[in-house]
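Contents: one structure, followed by commentary.
These figures come from a predicted structure and were not determined experimentally. Just the heavy atoms: all of them, side chains too, but no hydrogens, waters or symmetry mates, feed the values below. So you know, we letter chains A, B, ... as the sequences are listed, proteins then strands, and number each from 1.
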Amino acid sequence: MIFCLSGRKMASRKKTLLKVIILGDSSVGKTSLMNQYVNRKFSNQYKATIGADFLTKELTVDDRTVTMQIWDTAGQERFQSLGVAFYRGADCCVLVFDVTAPNTFKSLDSWRDEFLIQASPREPENFPFVLLGNKFDLEPRAISSKRAQQWCQSKNNIPYFETSAKDGLNVEQAFMTIAKNALAQQNSAVDLYNEFPDQIKLTNTQKSNSNGDSCAC
Amino acid sequence: MSTNVYEYESFSCQSLPGSINNADKLIEESNSTSDNETSRKEKNSSSSQSWFKTWPDRYDKLRSTDTTPLHSPNEDKTQLESKCNSSETETPKTTFTLQEALQNISLAYSPVTKQLHFIETTPDHPNEKHIPNEETIKIEEINAKKFGHRRIEAGSFSSTVSTLSGISDASTSGSLIGSEDRHVFSWRGVSTESNNFGNNVWKMFGKQTYESVPAASINGVASSSALIQHKRHSNKKTYDLWWHGLPSSVRGKVWKLAIGNDLNLTQQLYEICLCRAQNRLNSLEPPQNEHGIDQESSLDVIRLDISRTFPQLCIFQEGGPYSEALHSLLAAYVCYRPDVGYVQGMSYIAAILILNMEPYEAFICFSNMLNQPLHLSAFTLNQAQMQAYYNAYNQVFCHNLPKLHSHFEKSGLTPDLYLLDWIYTIFAKAMPLDIACRVWDVFLRDGQEFIFRTALGILHLHRHNLMDMDFLHGAQFLTKLPEDISSDQLFRSIQLVSTTIGKQTFTQIVEKCVVSLSESYS
C-alpha cells in the first residue's frame, strides 16, 4: 500500500528505461557511434550488423538516473521490412548519415517515413528524432552543415549534430540530447503507441506506467 | 585427431582421394597444353557440353583429357599414382587416422557388400566423344531408357567399384558408376540452350529440360561422392564421425558433396555472371529496373560489407587476399539471382565457403545453399514464412526448455531478435569461426532444422545464465555469444535437445505453423 501511495515518486526515482533506435544506411557508422558512446572505444573492425545489436548505458538526466537501451539496426534498406519488432516502443529515433556519402543523406527521408509507419506513434509529427552527420573527421565533405540543417528544419526542427565516432567528437552531447528528448517523449504521453499488444516493451516500463496511472486515479 | 584412429577394415568414412586431386592438377596442366592440339571445333563442343553438364568440374576435366586424341603422358602418372595407392591399401591391418584416410586413399565403403572398395579411375568410352550434337541427344535418350533399368542395379555397389582384392573390369564399371552418379545428384541437362546464354543466363534455369546427360566418364571423386551421398543415410559410423566435426583439410570437399548441385551450376556460369557483374559495376549508368523485382542495384552495397566480414581475420579487408574473391562471389550471385539480390548476412556465408574451397566452387555451393527453403525465405525477406519458422521454433523451444521459454516470454525476448542473426549468417557472426564451422559440418549433414537445434543447444548450454538475465542482457548475450564457448560442451547440449515434438518432425511443425498463420490472416 505504501508503495502504491508513493507510486509517482517511486516511478521518478526508479530506473527509467529509454528505448533508442539507431537507423541509417549501411556503413554510416551506427555501430561505431553506439560503441563510442557506451564503451568509449573505436574500432575499424566492426562486423556488419544483421538484425539488431543491443547496448545499454546508464546516465543522469536532470538528476534522474535513466537506462538507455540502444538498438543498433542493420543498415540495408531491404531489412526495413523486418523492423516492426525493432521499432515498436522506441522513445527516440536516431537517424545517421555519412557526411562524405551523399546517398546516405538522400535516404534519410525513407528511413524516417519507414520508422513512422512501422512504429506508428500516436503523434508522428511530435515524435523525437535526432539527426547525426557522422564521419566528420573524413574528407571530402559531401553534405554541408547548412544542407543538413535545412532538412532538419523541414522536419519540425530535428536537432542536428555533426559527429565523429572515431574521435568521439560530439558523441556525448548528441546522446545527451537523445536521452533528454526521449525522456520528454516518455513523460509527455504515457502510451504513445496504438492498441496493438507491445511485444518488446519491457515489463519494467509498463509497470512503472501503470503504477503512475493507478495513483493518479 | 589421435582419438580417431580406426582399423581400416572398419573404417567407414568416405575417401576423397588425394591421388585424384593430384591427378586433377596434372590434368589441368595437360589441358592447357593439349588444348592447342585438339581442334577448335572439339574444344567448342566440349565446352558447350560441360556448360550444361555439371559440377564437379574435375569430372569435366578428366573427361576432356580423355577426349584428347593424343595420349597424354600425364595420364600414366595418374594411373601410376592410383596404383601406388592401391598397393598401399593392400597392406591390411594398417591403421589410418581419419584425416589421412580421407585425404590419401581411394577407398570407399560399400554398405551393401559391407566391404571396403578401392575406386579406380577408369578410362572413358572413347566412341562417345566425337559425335555431333543431334546424335548425342539420341544417345541421351537411349541412356535415359537405360537409366531406369539401371536404377534397379543401383544397389550392387560391388560391381561398380573394384574390390580390395581384385580390380574389376573398368569398361563395365564405368558406365554403371556414371549412372549411379546421376541418381545421386539428379543431374539435369539444358542441352539446347547453351548457345544463347548472353543476356538471360539465369532464365535458363527456369526452363530446364529434364534430359539426362550423356553417360560419360567417371572418376574416383565422382563415384566416391556417390557413395558418400548414399551413406549419409545408411552408414551410422560415418554419420557419427561427422557429428564430431570434419578435419579442416577435407572440410571443403565434404561440404561440396553434402551440398550437392541441384541447380546444375558450372564454373562457366559463374564466370559469365561475374563478367556481367563487373560490367554492371564499371558502367556509370544507373540500373534499369524494368522488372520491378530486379535487385541488381544491391551490387553497390556489397562493397561496404566485404571488409566488415570477419574483420578480425583481416583477409577480407580491402586489399586483403580474399577480399576480391568474396566480392566476386556475391556480385556474381546478384547477377545470377537478380530476384534475390544481395542481402546482408550473405557475406558471412560466402566467406565461410571461400575459406574452404575455390571461388567458383564456393559460388556453386553458395547458390545451392541459398536455394534451400529456409534461406530462400530469409533472403527474399518472406516474412510470413519466417514467422512460421519462428513459431515452430518457439514451440520446440517451449517443449525442450519450458522454464527458460516462459522467462523469455515474460521478458519479451522473442526468437526473431536473436534467431535472425543466427539464420542469416548460419552462426558465422555470433560464434567463433572454428565452432561455427563445426556447426556447419552438421548443418550440411542434417539440413535446416539443425540451425534451430543449434539455437536450442546454445540456450540449453547457457540456460542458467540466461535465467538471470533481463531482456536486454539476454538479447545482448545471444547476439554476441561468449568467445570462450567450448564446442564439445555446445555439442553435448545440442545432443540433449531435439527439434521434434512427439512424432512430429520439425518440418511438420513448420507446415502446421504456415497453415495456422495463413488461417489467422484470412
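- Only the side chain of B:Tyr348 comes within contact range of chain A, judged by heavy atoms closer than 4.5 Å.
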Discussion item. With side-chain contact (heavy atoms from CB on, under 4.5 Å) as the criterion, how do B:Gln476 and A:Thr56 come out once you've worked through the C-alpha distance, each side chain's angles and the decisive distance to 0.1 Å?
Written reply: CA-CA 9 Å; B:Gln476 226 172 309; A:Thr56 42; 4.1 Å; yes

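- Note on B:Lys480, B:Lys429, B:His473: by heavy-atom pairs under 4.5 Å with chain A, the leading option is B:Lys429.
- Among the candidates B:Val343, B:Thr425, B:Asp416, B:Thr309, the residue making the largest number of heavy-atom pairs closer than 4.5 Å to chain A is B:Val343.
- Here the straight-line distance linking atom CG of B:Leu417 with atom CZ of A:Phe54 works out to 5.0 Å at 0.5 Å rounding.
- Note that CG of A:Asp25 and CG of B:Leu304 are 9.0 Å apart. Values are rounded to the nearest 0.5 Å.
- In terms of modelled atom types and a separation under 3.5 Å, the side chain of A:Gln76 and the main chain of B:Gln344 share a donor-acceptor contact.
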Practice prompt. Check step by step if side chain to side chain donor-acceptor pair (under 3.5 Å) holds for B:Arg308 and A:Ser26.
Written response: CA-CA 11 Å; B:Arg308 296 194 294 164; A:Ser26 202; 3.0 Å; yes

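- Counting non-hydrogen atoms of neighbouring residues, nucleotides and ligands closer than 6.0 angstrom, the CD atom of A:Gln45 exceeds 12 such neighbours.
- Looking at B:Phe379, the atoms closer than 4.5 Å to chain A (heavy atoms on both sides) all sit in the backbone: N, CA, C or O.
- Using a 4.5 Å cut-off between heavy atoms, A:Ala74 contacts chain B through both its backbone and its side chain.
- Atom OH of B:Tyr322 has 12 or fewer heavy atoms from other residues, nucleotides or ligands within 6.0 Å.
- With values rounded to the nearest 0.5 angstrom, B:Ser347 atom OG is found 6.0 Å from A:Ile50 atom CD1.
- Both the backbone and the side chain of B:Asp421 have a heavy atom closer than 4.5 Å to some heavy atom of chain A.
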Item to complete: Please lay out, stage by stage, how B:Asp305 and A:Lys47 fare under the test salt bridge (charged side-chain N to carboxylate O under 4.0 Å, His left out).
Response: CA-CA 8 Å; B:Asp305 283 348; A:Lys47 297 173 179 178; over 6 Å; no

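- Heavy-atom contacts from other residues, nucleotides or ligands closer than 6.0 Å to CZ of B:Arg303 number 12 or fewer.
- Here the two rings, on B:Tyr424 and A:Phe79, have centers that are under 6.0 Å apart.
- For the set A:Asn44, A:Leu55, A:Asn103, the entry with the most heavy-atom pairs within less than 4.5 Å of chain B is A:Leu55.
- Residue A:Lys166 places its NZ atom among 12 or fewer non-hydrogen atoms of other residues, nucleotides or ligands, all under 6.0 Å distant.
- Counted within 6.0 Å of CD on B:Glu318, heavy atoms from surrounding residues, nucleotides or ligands total 12 or fewer; the atom is thus considered open.
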